[in-house]
Amino acid sequence: MEQDSVSRNIIKVLLVDDQPLLRMGFKLILEGEEDLHVVGEASNGREALAAVERLDPDVVLMDVRMPDMDGIAATEGISASRSEARVIILTTFDLDEYAFAGLQAGASAFLLKDVAPAELVQAVRLVASGDAVVAPRVTQRLLENFVRNRPPRPAHHPDPLLGELTPRELEVAQCIAQGHSNAEIAHELFLSEATVKTHVRRILTKLHLRDRVQVVVYAYETGLVIPSNPDY
């Protein structure tokens with residue numbers, strides 16, 4: 001097939017939703033892009049896990065509310081597997097507790113189901129890149145809203161993994177949690193972008209995290225970053 005000759009440039013997407021019409025709409029949007037290819041579809045989380053193992057997608061668009069197995073359990077399964085697939089949670093409300101649970105389960109981002117086509121395409125590309133800022137303002141608002149209502153971790157009982165980070169890595173982690181890009185972090189900390197990328201890789205390795213958005217979730221949950229606006 002012609003696709004095989006350019007497979008390294010193609011982002012493989014798996015669509016998971018129990019609504020066939022929604023899957024069809026997303027497929028039409030994604031297939032209209034030369035670098036995006038929908039490799040399969042699933043109508044529940046159990047089918048999604050089997051499809052991930054069989055099709056090895058780069059990105060999974062995952063609904064949260066589905067019969068048999070919901071998207072949260074499926075996301076946890078993907079995160080715990082050997083798959084390199086990154087999950088984007090699909091939700092109806094931007095402050096949906098299920099979206100937050102999805103990020104905790106290992107998702108790399110979440111999108112509203114009525115997302116504009118251009119934003120959908122951009123999100124898939126950003127998440128697939130693995131080196132993108134996937135903590136936009138709405139994601140940060142979601143995190144702050146739910147983390148603020150959780151009991152804080154006692155200061156004298158910090159996560160021991162934080163002790164593995166150097167002072168500079170802690171600074172970089174805080175910048176990531178604030179949604180800064182590598183270029184912005186480099187400018188703020190007077191570092192080269194290459195050095196920032198090295199720090200980011202080390203942070204992910206030391207904290208056993210999959211990507212940048214997991215650093216954001218981790219930073220809020222451990223108190224490394226405090227919600228910026230308590231009255232929001």
Requested in this report: Look at atom CD of E84 and say whether more than 12 heavy atoms of other residues, nucleotides or ligands are closer to it than 6.0 Å.
Outcome: no

Taking the side chain as everything from C-beta on, heavy atoms only, tell me whether [X] gets closer than 4.5 Å to [Y].
{"X": "L103", "Y": "I89", "value": "no"}
{"X": "M62", "Y": "I78", "value": "yes"}
{"X": "E33", "Y": "V124", "value": "no"}

Report task. Could you walk me through whether L55 and K12 pass side-chain contact (heavy atoms from CB on, under 4.5 Å), step by step? Result -> CA-CA 9 Å; L55 302 171; K12 298 180 294 182; over 6 Å; no

Query raised in the report: Can you list the residues that meet the side chain to side chain contact (heavy atoms under 4.5 Å, CB included) rule with S43, with sequence neighbours excluded?
Result: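 Here the qualifying residues are R23, E47.
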
**Report entry** Contacts of type side chain to side chain contact (heavy atoms under 4.5 Å, CB included), residue E193, not counting sequence neighbours
**Finding:**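 Side chain to side chain contact (heavy atoms under 4.5 Å, CB included) list for E193, sorted by chain: N182, A183, A186.
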
Report task. Before giving the answer on side-chain contact (heavy atoms from CB on, under 4.5 Å), spell out for E188 and C175 the whole-Å C-alpha distance, their side-chain angles and the decisive distance to 0.1 Å. Result -> CA-CA 9 Å; E188 181 173 336; C175 288; 3.9 Å; yes

Do you know the tightest heavy-atom contact between [X] and [Y]?
{"X": "S83", "Y": "V52", "answer": "OG-CG1, 3.4 Å"}
{"X": "I203", "Y": "A173", "answer": "CD1-N, 3.8 Å"}
{"X": "T75", "Y": "A107", "answer": "CG2-N, 3.6 Å"}
{"X": "G45", "Y": "A74", "answer": "CA-CB, 3.6 Å"}
{"X": "D18", "Y": "P20", "answer": "O-CD, 3.3 Å"}
{"X": "A48", "Y": "L14", "answer": "O-CD2, 3.9 Å"}

Under 3.5 Å, side-chain donor or acceptor atoms of residues 164-172 against the rest of the protein: list the pairs with distances, not counting sequence neighbours.
| residue | atom | partner | partner atom | Å |
| --- | --- | --- | --- | --- |
| T166 | OG1 | E169 | N | 3.1 |
| R168 | NH1 | E171 | OE1 | 2.9 |
| E169 | OE1 | T166 | N | 3.0 |
| E169 | OE1 | K206 | NZ | 2.9 |
| E169 | OE2 | K206 | NZ | 3.4 |

Report task. State whether the side chain of D70 and the backbone N or O of V64 hold a donor-acceptor pair below 3.5 Å, judged by distance alone. Result ->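 Not at all, since once roles are kept as given, no pair shorter than 3.5 Å links the two residues.
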
What distance separates [X] [atom1] from [Y] [atom2], expressed to the nearest 0.5 Å?
{"X": "M24", "Y": "L15", "atom1": "CE", "atom2": "CG", "result": "11.5 Å"}
{"X": "L162", "Y": "L224", "atom1": "CG", "atom2": "CG", "result": "6.0 Å"}
{"X": "Y218", "Y": "L204", "atom1": "OH", "atom2": "CG", "result": "12.0 Å"}
{"X": "H180", "Y": "R212", "atom1": "NE2", "atom2": "CZ", "result": "10.5 Å"}
{"X": "L191", "Y": "K197", "atom1": "CG", "atom2": "NZ", "result": "14.0 Å"}
{"X": "Q174", "Y": "I185", "atom1": "CD", "atom2": "CD1", "result": "11.0 Å"}

Query raised in the report: Does a donor on one side chain and an acceptor on the other come within less than 3.5 Å for D211 and S108?
Result: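 Yes, side-chain donor-acceptor contact under 3.5 Å.
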
Requested in this report: Starting from F190, walk the hydrophobic network (Ile, Leu, Val, Met, Phe, Trp, Tyr; side-chain heavy atoms closer than 4.5 Å) and list everyone else you reach, by chain and number.
Outcome: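 So far as hydrophobic clustering goes, F190 is joined with none.
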
Query - Linked hydrophobic residues, L21 as query - side chain contacts closer than 4.5 Å - result: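 Grouped by the 4.5 Å side-chain rule, L21 forms a cluster of one, so the answer is none.
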
Below 3.5 Å, can you tabulate the donor-acceptor pairs from side chains in residues 109-122 to any protein atom, sequence neighbours excluded?
| residue | atom | partner | partner atom | Å |
| --- | --- | --- | --- | --- |
| K113 | NZ | D17 | OD2 | 3.1 |
| K113 | NZ | D63 | OD1 | 3.1 |
| K113 | NZ | D63 | OD2 | 3.3 |

Requested in this report: Check the pair L30 / L61 against side-chain contact (heavy atoms from CB on, under 4.5 Å), numbers first and verdict last.
Outcome: CA-CA 11 Å; L30 297 174; L61 286 176; 3.9 Å; yes

Query raised in the report: Applying the side chain to side chain contact (heavy atoms under 4.5 Å, CB included) test to S79, which of Q214, R210, R86 qualifies?
Result: R210

Query raised in the report: Do V215 and L161 belong to the same hydrophobic cluster, where Ile, Leu, Val, Met, Phe, Trp and Tyr are linked whenever their side-chain heavy atoms lie under 4.5 Å apart, directly or via other members?
Result: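 Linked, V215 and L161 end up in one cluster.
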
